[in-house]
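We're numbering straight along the sequence, starting at 1.
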Amino acid sequence: MKNWLSSIFGGKDASASAPSANSAASAPAGAATPLLDRVPADLRERAVDKIVQLSQTETARAMASRTGSSDYRSAGTRPRTAGGQNAGSTSVSNRPARSVLTAKTQGAMRARCRAVARNNSVVRTLMRRKCEHIVGDGFLFRVRTGDKVWDKKATDLLRRAAKRVQLWRISQWVVRAWDTDGDAMVLKVRGADGVCQLQAIEADLLVTPDMDGNPLVFDDGAITVLPGGGMITAGVETDKDGKVVAYHVAEWGDVEALRKEAAKSGKAATGTGTVWSGSSGAFGIGTVKRLPAEMVMFLTPETFGNPGQHRGEPGLQATLPLAELLYKFMEDVLVAADMATLFALVIAAANPAQEAQTDDASLTDESMSMAAQVAAGQDPEWVLESGLVKYIGPQGSITQVKPEFPQVGAPEFINTVVRFMAAEHGLAPAIAMFDTASMSASNMKTILSLIYRGFETPMKVLEVDLWEAFGKFELATAIANGQIDTPPMGEAFVPWMEAVKVSTPYPPVMDQYNEFKGWDLGVAKNLTTHDEACLQMGYGDGDEIAERRAEEIERDRQLGITPAEAPGAKRPGEGSTGGDSADAGTQAGDGTGSTA
């Protein structure tokens, strides 16, 4: 801190003589301010204020980087304490939620969660399984206004649009971002051609601006109260009643600079793309822009949040200590297992160099080098290899030549830690690790159903805040552009904005025959519908399936193929009574019901 302050104000200890925020715009008379003198006079006061703000927060920032957050161990390097995260710490106190999960704290957790997601195979496995269970084979658009013709057109339009914008992949990114970042933001965009697109935005770029439109430096719970009573916290703007009305989003500073350079020169501008964001997420970020909430789909599955907490808590943060401990243990066990396979033959000889040279079977560059070192009276280091032969002088001694695998109950330890980590992610270890060899199909279905119940909340967030929101945006654009007819109106129809429905994935079928029988019984007893059974079984829209089956049956009749019939099914033209007597003389041929 002293070095960079000295370069601005001059002197050996600038931290002691730096002007305060209320001082004059220039340094005391006669003081050397080589860099400050270059700032225009009308901007010097603001520059001094910025410098003082930096100097006052530098010590606090350095201390926080060593101790982390008093509320989140995963936000720094605070030593663990018994009984949970900083249990019994006197630094924990009742504070507003915005002061607990601050932009700075979230930024620190985000960096560590991203690192462990990149490098820890156990965490990657759990994240992959979680994403597969929540997103599954994708969500399904269905429009139900009551006008079947318009509904089919609208449904087909939305399903094509979902493929165009890769909504399925965006859903996967959102689920992964919940674990590493805590929240995800998707911007709704209409291109120059009027086509709707979606733009995923990194969590780092949602920041609170200062008076100049730049992100606040070291935002550790800062709030900006607006004249109308609204407030900006961690980049999220609310009105006086607490309703979210806007998001403040920036782009990376290097991209913004290169964009300006390209616009000015009329030529492509190239840079390294390297930025330093720091723990606060403020460094390296460009000018902040205000985006109305209607343009943004802000997604967070937060279940532990408080009303004043607008940003999400990274899902991995609580398991970071376990993940790091487990991965280190697994690496150590693998090294120990590998060491246990390395056996060496050590030969004591009067002339080790000569013995090594004459023994062609054990002659290697490494053994020659080792022999030469021993003959020279040096203490070489050995790299153990399977079947290794080493020659030493007669005065040499060996302390261990046969490493052994340590008996520390590795499987039990690993399974216990994985169980805790999987439970935190809403997963069963057997399902997460594909360890289902000893489980029956009904047991697996039971576990999958329990997992599904736990994932209903994040599924609902994706369903309503992402898929339905995009569906309404796409339909509104299509209606305005004349791509689809005017939607049906009147009391007999559901308003089109309320008719956009999304079906979420269901647990996979494990025992097809018995599950078929169960759903068939449910439909027969009027406990559920054919449509719901088709959705639950993963076959799609029941109405569409019924229409396709009707087409297939009619085609079979025309080709002279006897249609497959369920017991008790009525043929065309048959009434509700007398069916049994009529069926007695029916010939199975063309299926027309004619008698011999």
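- Minimum heavy-atom separation, Pro488 to Thr145: CG-OG1, 3.5 Å.
- Summarising the geometry, atom CG belonging to Asp181 is positioned 11.0 Å from atom CE belonging to Met109; distances are rounded to the nearest 0.5 Å.
- Formation of a donor-acceptor pair under 3.5 Å by the Asp193 side chain with backbone atoms of Val195 is found in this model.
- The main-chain N or O of Gln483 is never found under 3.5 Å from a side-chain atom of Asn481 such that the two would form a donor-acceptor pair.
- At a cut-off of 3.5 Å, with distance as the only test, a side-chain donor of Arg190 or Thr477 sits close to an acceptor on the other residue.
- Within the 4.5 Å cutoff, the side chain of Thr238 has no heavy atoms near those of the Lys243 side chain.
- Of all non-hydrogen atoms in Ala177 and Ala184, the two that sit nearest each other are CB-CB, 4.0 Å.
- A salt bridge links Glu544 to Arg159: one of the charged nitrogens lies within less than 4.0 Å of a carboxylate oxygen.
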Practice item. Could you walk me through whether Leu158 and Val143 pass the side-chain contact (heavy atoms from CB on, under 4.5 Å) test, one step at a time? Key: CA-CA 9 Å; Leu158 292 184; Val143 180; 3.8 Å; yes

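- Using modelled atom types, one finds a donor on one side chain and an acceptor on the other under 3.5 Å when comparing Gln106 with Asp183.
- Thr208 places a side-chain N or O within 3.5 Å of a backbone atom of Gly235 that can act as its donor or acceptor partner.
- Residues Arg128 and Leu126 have side chains not in contact (no heavy-atom distance under 4.5 Å, counting atoms from C-beta outward).
- Remark: Phe298 CZ to Tyr247 OH distance equals 6.0 Å, nearest 0.5 Å.
- When the shell of 6.0 Å around CH2 of Trp168 is examined, it contains 12 or fewer heavy atoms from other residues, nucleotides or ligands.
- By the 4.5 Å heavy-atom criterion applied to side chains, Cys131 and Val175 are counted as neighbours.
- Listed for the Lys188 side chain is a donor-acceptor partner under 3.5 Å among the backbone atoms of Glu294.
- With respect to Arg259 and Glu251, a salt bridge is recorded, a charged nitrogen being found less than 4.0 Å from a carboxylate O.
- Between Arg110 and Glu313 there is no salt bridge, since no side-chain nitrogen of the basic residue lies less than 4.0 Å from a carboxylate oxygen of the acidic one.
- Residue Arg164 qualifies as enclosed at atom CZ: its count of foreign heavy atoms under 6.0 Å is above 12.
- Annotation: side chain of Val296 is not in contact with side chain of Val186 (no heavy-atom distance under 4.5 Å).
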Review point. Checking side-chain contact (heavy atoms from CB on, under 4.5 Å) for the pair Leu427/Phe455: CA distance, chi angles, key distance, verdict?
Key: CA-CA 9 Å; Leu427 296 169; Phe455 287 151; 3.9 Å; yes

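- Contact record, Val165 with Cys196: CG1-O, 3.8 Å, taken as the closest heavy-atom pair.
- Between atom NE2 of residue His425 and atom CD1 of residue Ile134 there is a gap of 10.5 Å, rounded to the nearest 0.5 Å.
- Residue Ala203 comes nearest to Arg311 through the heavy atom pair O-NH2, 3.2 Å, listed as atom of the first residue, atom of the second, then distance.
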Point to revise | Intermediate values then yes/no, salt bridge (Lys or Arg N to Asp or Glu O under 4.0 Å), Arg112 and Glu324 | key: CA-CA 11 Å; Arg112 293 188 65 190; Glu324 294 166 353; 2.8 Å; yes

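- Aromatic ring pairs are classed by plane angle as parallel below 30°, tilted from 30° to 60° and perpendicular above 60°; the pair Trp467 and Phe139 is parallel.
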Review point. Is there a side-chain contact (heavy atoms from CB on, under 4.5 Å) between Gln197 and Leu187 once you walk through the steps?
Key: CA-CA 8 Å; Gln197 295 294 338; Leu187 181 63; over 6 Å; no

Check your understanding: Checking side-chain contact (heavy atoms from CB on, under 4.5 Å) for the pair Thr504/Leu140: CA distance, chi angles, key distance, verdict?
Key -> CA-CA 7 Å; Thr504 61; Leu140 185 68; over 6 Å; no

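- Using a 4.0 Å cut-off between charged side-chain N and carboxylate O, Lys152 and Asp156 make a salt bridge.
- In this model, no donor atom of one side chain and acceptor atom of the other lie less than 3.5 Å apart for Thr486 and Trp150.
- Put simply, the side chain of Thr180 reaches to within 4.5 Å of the side chain of Met127, judged on heavy atoms.
- Looking at Asp531 and Arg142, their side chains come closer than 4.5 Å, going by heavy atoms from C-beta outward.
- Between Met185 and Val249, the closest side-chain pair of non-hydrogen atoms falls below 4.5 Å.
- With Asp239 contributing its side chain and Gly229 its backbone, the two residues share no donor-acceptor pair below 3.5 Å.
- The residues Glu261 and Lys264 are annotated as not salt-bridged, no charged nitrogen and carboxylate oxygen being separated by less than 4.0 angstrom.
- Residues Glu424 and Leu322 fail the side-chain proximity criterion, which asks for heavy atoms closer than 4.5 Å.
- Between the CZ atom of Phe470 and the CG atom of Leu475 there is a distance of 9.5 Å, given to the nearest 0.5 Å.
- In this structure, Ala117 and Leu316 approach most closely via the heavy-atom pair CB-CD1, 4.3 Å.
- To the nearest 0.5 angstrom, His248 atom NE2 is 3.5 Å from Ile232 atom CD1.
- Taking CH2 from Trp178 and SG from Cys113, the interatomic distance works out to 16.0 Å, rounded to the nearest 0.5 Å.
- With salt bridges taken as basic N to acidic carboxylate O contacts below 4.0 Å, none links Asp179 and Arg114.
- Looking at every heavy atom in both residues, Tyr506 comes nearest to Glu532 through OH-OE2, 3.6 Å.
- Residue Arg290 qualifies as enclosed at atom CZ: its count of foreign heavy atoms under 6.0 Å is above 12.
- Between Arg144 and Asp541 there is a salt bridge, with a side-chain nitrogen of the basic residue lying less than 4.0 Å from a carboxylate oxygen of the acidic one.
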